[in-house]
Every structure is written in C-alpha cells, then in structure tokens.
Amino acid sequence: MGRLTRQFFARDTLVVARHLLGQRLVRMLDGDRLSGRIVEVEAYVGEDDQASHARPGRTERNAPMYGPPGHAYVYLIYGMHHCLNTVTEREGFPAAVLIRALQPVEGIERMRELRSGRADLPLTSGPARLCQALAIDRAFDGADLCAPDALLFLEEGVPVADEAVAQSPRIGVRGDERAMTAAWRFYLRDNRHVSR
DNA sequence: GAATCGATGGTCT
DNA sequence: GACCATCGATTCT
C-alpha cells in the first residue's frame with residue numbers, strides 16, 4: 001500500500017479534502033501500527049476564510065499553515081484537546097484540512113487504552129478523540145507527513161465513490177455568514193464513525 | 001433524544 | 001481579558 005505523496009497535498013484544498021476520504025491515517029507507536037480510515041474532514045482555505053486560524057494573518061501558532069504542503073498542523077483547543085490538520089496547496093498560502101473522524105482499523109486495543117480504557121466512549125469519532133486515540137499532540141505540529149521515517153503518515157485506501165460522499169457546513173463555526181454556510185465539511189454518508 | 005454546562009490553558013487584542 | 005475548528009457528564013423533555 002503506497003503512501004500519499006506531497007503532490008497529493010499540493011492541490012486545491014477542497015479537492016484534497018474530498019480525496020482524503022477513504023485514505024488511511026497511520027501512527028507508528030512503539031513499533032505498533034495504529035490506523036484508521038478517514039471518514040470526515042473539513043477544509044480551511046486562506047486568510048479570507050473567516051473560520052480559519054489564518055484569518056488574522058501569520059502568527060506563531062498558525063505558521064505551519066503557511067508552510068509547505070504535506071506537513072501537520074496540530075493545535076490545542078479549549079485548553080485540553082488536540083486537533084490534527086494536513087497542510088495543503090503551496091508554501092506561503094495558508095490552507096489545511098482538519099481530520100475530524102476515523103473508522104478504527106489497526107491497533108484498536110491500544111487506542112482504547114489511550115482513550116482511558118473506557119469501552120463505552122467513541123474511539124476516533126471527533127477531531128480531539130482521534131488525536132487522543134493515536135497519541136497525537138503538539139509534538140507533531142509542523143511534522144512532515146511525507147518523510148520516509150515519519151511516525152505519522154497517510155496511506156492509499158480504497159477509493160470512495162462520489163455517491164458515498166456528503167457535504168455540509170463546518171462544525172463549530174460561528175459568526176460569519178459565509179463561513180457558517182460554506183459546505184466545506186466532507187464525510188462518508190451513512191458511516192457510523194462520523195462525529196455527532 | 002436534545003439542550004446545557006463545566007473543564008482548562010494557549011493565543012491574540 | 002475574551003475567545004475558542006471539543007468532549008463528556010448532567011439535566012431536561
């Protein structure tokens with residue numbers, strides 16, 4: 001199974017978001033593979049996107065969004081949760097795709113342990129949940145997802161048909177009318193691992 | 001089920 | 001000092 005290349009990410013962000021569905025996110029942890037199939041993502045595109053962290057321009061936190069494609073942008077939200085993005089398009093233009101949900105595939109027991117051992121909580125249905133399940137924190141902020149020795153990377157999955165893809169406005173976006181209505185969330189229709 | 005709320009800390013004005 | 005690209009528990013209908 002091949003890995004997604006930098007060229008995959010160096011495209012229009014909405015195209016990358018759509019085609020991330022069905023791909024495999026892999027985390028190497030202590031020699032074990034923890035992985036899941038991507039079932040839900042959101043696109044954040046440019047400084048004109050009022051919902052993007054890049055809206056105020058370049059800062060220390062959002063710097064990876066301005067960097068080369070194929071790198072990670074990981075941030076802390078609400079003082080306790082991490083969220084993972086893949087940087088897209090060209091260096092200098094701030095854009096990224098937020099990974100919102102996975103369907104667990106490999107290392108499920110280890111994910112459960114990382115999720116505090118509870119059997120009744122969703123493993124990877126939510127941007128912060130999947131980061132906890134895959135032990136992703138700000139140590140991965142700016143990491144190259146295309147490096148040969150990367151501990152976090154993406155692999156080609158089974159292609160997803162257009163009929164299986166649904167779109168909606170992004171979750172948790174408020175305030176700006178255009179940002180609230182843009183259908184930049186992509187998810188697999190009828191997949192039970194999609195968040196909410 | 002749906003609505004509401006507290007936790008908790010980095011980032012930016 | 002306000003604001004979060006959230007989650008899990010609690011409190012309703």
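Basis for what follows: all heavy atoms, side chains included, without hydrogens, waters or symmetry-related copies. Naming convention: chains lettered A, B, ... in sequence-line order (proteins, then strands); numbering from 1 in each chain. Since we're looking at a predicted model, the values are computed, not measured.
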Student: Can you confirm whether A:R100 sits close enough to A:I171 that some side-chain heavy atom of one is under 4.5 Å from a side-chain heavy atom of the other?
Tutor: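 Yes, at least one pair of side-chain atoms sits under 4.5 Å.
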Student: What is the distance, to the nearest angstrom, from the CG atom on A:L84 to the P atom on C:dT6?
Tutor: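 In whole Å, C:dT6 P and A:L84 CG are 14 Å from each other.
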Student: Rounded off to whole Å, could you give me the CZ-to-C1' distance for the A:R100 and C:dA5 pair?
Tutor: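 It works out to 7 Å between those atoms.
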Student: Inspect the contact between A:E155 and A:R33 and indicate whether a charged nitrogen and a carboxylate oxygen are less than 4.0 angstrom apart.
Tutor: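 So A:R33 pairs with A:E155 through a salt bridge.
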Student: Mapping A:E42 and A:R129 to their closest nucleotides on DNA chain C, which lands nearer the 5' end?
Tutor: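 In this pair, the answer is A:E42.
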Student: Side chains of A:S52 and A:E47: is there a donor and an acceptor less than 3.5 Å apart?
Tutor: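 Distance-only check fails for A:S52 and A:E47.
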Student: C:dA5 pairs with which nucleotide, Watson-Crick or G-U wobble, both distances below 3.5 Å?
Tutor: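 Matched C:dA5 with nothing under the 3.5 Å cut-off.
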Student: A:D176 CG to C:dC3 P: how many Å, rounded?
Tutor: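 After rounding, the reported distance stands at 16 Å.
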Student: If you define the side chain from C-beta out and look only at heavy atoms, does anything of A:V16 sit under 4.5 Å from A:F8?
Tutor: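 Heavy-atom side-chain distance check passes, below 4.5 Å.
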Student: When every nucleotide of nucleotides 7-13 of chain B is labelled 5' to 3' by its protein contacts under 4.0 Å (heavy atoms), B for base, S for sugar-phosphate only, - for none, what sequence of letters results?
Tutor: BBBSSSS
Student: Mind listing the N/O atom pairs, protein and nucleotides 9-13 of chain C, below 3.5 Å?
Tutor:
from	atom 1	to	atom 2	distance (Å)
C:dA9	OP1	A:R118	NH1	2.8

Student: Between A:E109 and A:R112, is there a salt bridge with N-O shorter than 4.0 Å?
Tutor: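 No salt bridge links A:R112 with A:E109.
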Student: Rounded off to whole Å, could you give me the CG-to-C1' distance for the A:L130 and C:dT6 pair?
Tutor: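 Spelled out: CG on A:L130 to C1' on C:dT6 is 12 Å.
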Student: In this structure, how many angstroms lie between the P atom of C:dA5 and the OH atom of A:Y44, rounded?
Tutor: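 In whole Å, C:dA5 P lies 7 Å from A:Y44 OH.
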Student: Determine yes or no for a side-chain-to-main-chain donor-acceptor pair under 3.5 angstrom, with A:N85 supplying the side chain and A:Y73 the backbone.
Tutor: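 Judged by distance alone, yes, a pair lies under 3.5 Å.
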Student: Tell me: CD1 of A:I171 to P of C:dC7, nearest whole Å?
Tutor: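 Nearest whole value for this atom pair: 10 Å.
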Student: Mind checking A:A128 for me? I need base, sugar-phosphate or nothing, with any heavy atom below 4.0 Å counting as a touch.
Tutor: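 The residue A:A128 makes sugar-phosphate contact but no base contact.
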Student: I'd like to know if the side chain of A:Y187 pairs up with that of A:E42 as donor and acceptor (distance under 3.5 Å, no hydrogens or angles considered).
Tutor: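 Note: A:Y187 and A:E42 side chains miss the donor-acceptor criterion.
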Student: Under a 4.0 Å N-O cut-off, is there an ion pair linking A:D120 with A:R118?
Tutor: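 Result for this pair is yes, salt bridge flagged.
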Student: Atom CG of A:L123 and atom C1' of C:dG8: how far apart are they, to the nearest Å?
Tutor: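 Those two atoms, CG and C1', are 15 Å apart.
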Student: Counting only side-chain N and O atoms of A:R115, is one of them less than 4.0 Å from OP1 or OP2 of C:dC7?
Tutor: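 For C:dC7, neither OP1 nor OP2 has a side-chain N or O of A:R115 closer than 4.0 Å.
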Student: For residues 139-150 of chain A, pull every pair meeting side-chain hydrogen bond (donor to acceptor under 3.5 Å, both in side chains), keeping only residues two or more places apart or in separate chains.
Tutor: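 For residues 139-150 of chain A, and leaving out neighbouring residues, the side-chain hydrogen bond (donor to acceptor under 3.5 Å, both in side chains) pairs sorted by first residue read A:R6-A:D144.
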